[in-house]
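The basis for the numbers below is simple: all heavy atoms, side chains too, and nothing from hydrogens, waters or symmetry mates.
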Amino acid sequence: MSAATVIATIESAKIAQQLIDELIEAGFKDQDVEILAGDEEELVAEIVERGFGKDDARGYARAVGRGKTVVAARAAPGKAEKAAAIMES
């Protein structure tokens, strides 16, 4: 089983950085947690590459266009639920 990617839309870059810090403190590797950035086309491609459908990817990219920040975390098998719980808190 391969790693899964968990993505969340966050209100601001400051809160996104706090979330990244929380994920790292919870045992996720620094290189596996990041803020996704770029224009809409780049974001859609990046998110689709991580295993999401184009419609979901467009939704995340549009959120960035509205000023939100997108955080992605690669999670080892069995840890995706933990990442999602941290992102939702």
Side-chain angles (χ1 to χ4, degrees):
M1 187 183 268
S2 62
T5 297
V6 181
I7 295 179
T9 305
I10 309 300
E11 291 298 317
S12 71
K14 181 179 179 182
I15 295 170
Q17 189 56 57
Q18 292 170 346
L19 173 60
I20 288 170
D21 293 343
E22 284 181 51
L23 288 163
I24 292 168
E25 286 175 23
F28 291 87
K29 296 177 182 175
D30 185 47
Q31 67 265 24
D32 290 338
V33 184
E34 63 186 317
I35 292 174
L36 301 182
D39 65 30
E40 187 171 341
E41 197 172 300
E42 291 170 331
L43 285 170
V44 169
E46 174 76 20
I47 294 167
V48 167
E49 200 173 283
R50 291 170 183 254
F52 289 79
K54 279 191 176 182
D55 288 340
D56 288 336
R58 281 189 199 100
Y60 287 118
R62 284 189 202 112
V64 170
R66 293 189 308 269
K68 308 284 187 191
T69 302
V70 174
V71 173
R74 276 182 292 284
K79 291 186 91 178
E81 293 83 10
K82 181 177 181 180
I86 293 168
M87 289 179 164
E88 292 172 1
S89 65

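The hydrophobic cluster containing I7 does not contain M87, counting ILVMFWY residues as joined when their side-chain heavy atoms lie under 4.5 angstrom apart, directly or transitively. Note on V71 and L36: separate hydrophobic clusters, where clusters join Ile, Leu, Val, Met, Phe, Trp and Tyr whose side-chain heavy atoms are under 4.5 Å apart, directly or indirectly.
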Scan the side chains in residues 37-56 for donor-acceptor partners under 3.5 Å anywhere in the protein, sequence neighbours excluded, and list what turns up.
residue, atom, partner, partner atom, Å
D39, OD1, E41, N, 3.1
D39, OD1, E42, N, 2.8
E42, OE1, D39, N, 2.9
E46, OE2, R50, NE, 2.8
E46, OE2, R50, NH2, 2.8
R50, NH2, E34, OE2, 2.3
D55, OD1, R58, NH1, 3.2

Side-chain donor-acceptor distances from residues 16-33 under 3.5 Å, at least two apart:
residue, atom, partner, partner atom, Å
Q17, NE2, D21, OD1, 3.2

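In terms of the side-chain contact (heavy atoms from CB on, under 4.5 Å) criterion, residue partners of A76 (sequence neighbours excluded) are, by chain and number, K79.
Contact between A72 and T5 at its shortest, heavy atoms only, is CB-CG2, 4.2 Å.
Among pairs with a residue in residues 2-16, those fulfilling salt bridge (charged side-chain N to carboxylate O under 4.0 Å, His left out) read E11-K68, at least two apart in sequence or across chains.
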